[in-house]
Amino acid sequence: MTDAAKLKTMAGEAALGHVEDGMRLGIGTGSTAEAFVRVLADRVHAGLDVVGVTTSDRTEALCRELGVPTATLETVPQLDLTIDGADEVDDRLRLIKGGGGALLREKIVAAASDRMLVIADASKKVDTLGAFPLPIEINGFGMMATYLAIQKAAANLGLEGDMILRRRGADPFITDSGHLILDASFSRIPDPEALSQALHQVPGVVEHGLFIGLASEAILASENGIETLTA
Ligand SMILES: O=C[C@H](O)[C@H](O)[C@H](O)COP(=O)(O)O
């Protein structure tokens, strides 16, 4: 296992300490969430009784492969705890997510949960959000108009930077819900709340990767051990 993989597993194992028998779990997407699913599966095989609502087709497939029971939000619409990774986390537990393209379902699942626990390696901790390009999920219809409207909304907040349509090989990346993603390199987002509100005003924006007021705790793994941030 590489050092990076070890840190993800460390964070996943620490997250297990928050999981109790009978819990309805939201299960995130990405390499750290996958590390969590692997340690969770061992516990399930040892008798832990939980049900997971997954945030992507990819995580759903992994849970099925490893024997972690899953349900949909339609049948289990209220969750006790969501455990998910992040691309950036600041000291107020504001996040950038969506590097893997799962931000929409991740946000819906986190919002349906009593608590959201972030798991990450300590390199994800930042003073100011924005070095990681902000994923913005948009409808395919009128995408150039949406692009320009986002650019204008951001400029009104003093934010400028490249916005690139995410691709998978030669084709546009399509999310599990059938949308496109723009990755916006603003470098620094000093007021994430203002940007979040402004983006939600743009028709065509389905969701964005700023998670504000959702995470209640973060487990950050480094070579020195586990650091826990609480809201
Ligand atoms: O869409 C993907 C998610 O928001 C991931 O949780 C995020 O990109 C972090 O992924 P990783 O754990 O692979 O760094």
Side-chain angles (χ1 to χ4, degrees), residues 1-16 25-40 52-63 79 81-90 93-113 115-126 129-138 164-168 172-185 189 192 196 199 206-212 214-222 226-227 229:
M1 208 186 272
T2 64
D3 287 351
K6 278 185 200 150
L7 295 182
K8 292 173 208 280
T9 299
M10 250 171 82
E13 282 170 346
L16 270 185
L25 297 176
I27 304 182
T29 295
S31 53
T32 320
E34 285 178 16
F36 168 70
V37 171
R38 291 184 189 283
V39 293
L40 178 67
V53 170
T54 59
T55 52
S56 61
D57 295 348
R58 174 175 146 194
T59 301
E60 181 70 28
L62 183 66
C63 285
L79 304 174
L81 174 66
T82 284
I83 295 175
D84 200 350
D87 299 301
E88 287 187 346
V89 50
D90 75 4
L93 289 178
R94 297 177 296 188
L95 316 173
I96 286 184
K97 286 184 52 56
L103 62 140
L104 174 61
R105 293 189 186 183
E106 288 177 334
K107 201 178 276 191
I108 293 170
V109 167
S113 304
R115 290 160 57 210
M116 178 191 189
L117 172 61
V118 175
I119 49 174
D121 68 74
S123 69
K124 304 289 183 73
K125 173 83 176 10
V126 297
L129 298 177
F132 189 92
L134 177 67
I136 304 172
E137 185 158 347
I138 62 168
I164 294 172
L165 181 68
R166 190 179 297 184
R167 296 193 168 271
R168 178 174 276 154
F173 176 93
I174 306 290
T175 69
D176 285 349
S177 298
H179 305 124
L180 303 169
I181 290 189
L182 295 173
D183 288 303
S185 297
I189 305 174
S196 171
L199 289 174
V206 178
E207 195 45 87
H208 59 70
L210 288 168
F211 281 49
I212 298 169
L214 287 169
S216 42
E217 202 164 331
I219 288 174
L220 304 176
S222 73
I226 295 285
E227 182 193 0
L229 306 179

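Just so you know, ligand 1 is whichever comes first in the structure, and atom 1 is the first atom listed for that ligand. Numbers for residues simply follow the sequence, beginning at 1.
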Between Arg167 and Asp183, is the salt bridge (charged side-chain N to carboxylate O under 4.0 Å, His left out) condition met? List the steps.
CA-CA 10 Å; Arg167 296 193 168 271; Asp183 288 303; over 6 Å; no

Check against salt bridge (charged side-chain N to carboxylate O under 4.0 Å, His left out), Glu34 and Arg58
CA-CA 9 Å; Glu34 285 178 16; Arg58 174 175 146 194; 2.8 Å; yes

Could you walk me through whether Glu88 and Lys124 pass salt bridge (charged side-chain N to carboxylate O under 4.0 Å, His left out), step by step?
CA-CA 5 Å; Glu88 287 187 346; Lys124 304 289 183 73; over 6 Å; no

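Between Thr29 and ligand 1, at least one N/O pair is under 3.5 Å apart. Among the atoms of Ala33, none of the N or O lies under 3.5 angstrom from an N or O of ligand 1. Note: an N/O pair closer than 3.5 Å links Ala102 and ligand 1 by distance alone.
Contacts of Ala86 with ligand 1, taken as heavy-atom pairs under 4.0 Å, involve the backbone alone.
The protein non-hydrogen atom at the shortest distance from atom 12 (O) of ligand 1 is Thr32 OG1, 2.5 Å. Ser31 OG, 2.5 Å is the protein heavy atom nearest to atom 13 (O) of ligand 1. Looking at atom 3 (C) of ligand 1, its nearest protein heavy atom turns out to be Glu106 OE2, 3.0 Å.
Scored by the side chain to side chain donor-acceptor pair (under 3.5 Å) test, Glu13 finds no partners at all (sequence neighbours excluded).
In summary, the atoms of ligand 1 found under 4.0 Å from a heavy atom of Gly100, numbered by their order in the structure, are 1 (O), 2 (C), 8 (O). Near Lys124, the atoms of ligand 1 lying under 4.0 angstrom from a non-hydrogen atom of the residue are 11 (P), 14 (O). Ligand-side atoms of ligand 1 in range of Gly99: 1 (O), 2 (C), 8 (O), range being under 4.0 angstrom from any heavy atom. Taking a cut-off of under 4.0 Å to the non-hydrogen atoms of Asp84, the atoms of ligand 1 that pass are 6 (O). Ligand 1 places these atoms under 4.0 Å from at least one heavy atom of Gly85: 6 (O). For ligand 1, the atoms closer than 4.0 angstrom to any heavy atom of Asp87 are 7 (C), 8 (O), 9 (C).
Asp84 and Thr82 are not linked by any side-chain donor-acceptor pair at a separation below 3.5 angstrom, with hydrogens and angles left out of the test. If you check the side chains of Ser56 and Thr29, you find a donor sitting under 3.5 Å from an acceptor.
Only one option out of Thr54, Thr55, Ile27 pairs with Glu106 in a side-chain contact (heavy atoms from CB on, under 4.5 Å); it is Thr55.
Residues Leu16 and Phe36 form a side-chain contact, since some pair of their non-hydrogen atoms from C-beta on lies under 4.5 Å apart.
Remark: side-chain polar atoms of Arg166 are not paired, donor with acceptor, to backbone N or O of Ile174 under 3.5 angstrom.
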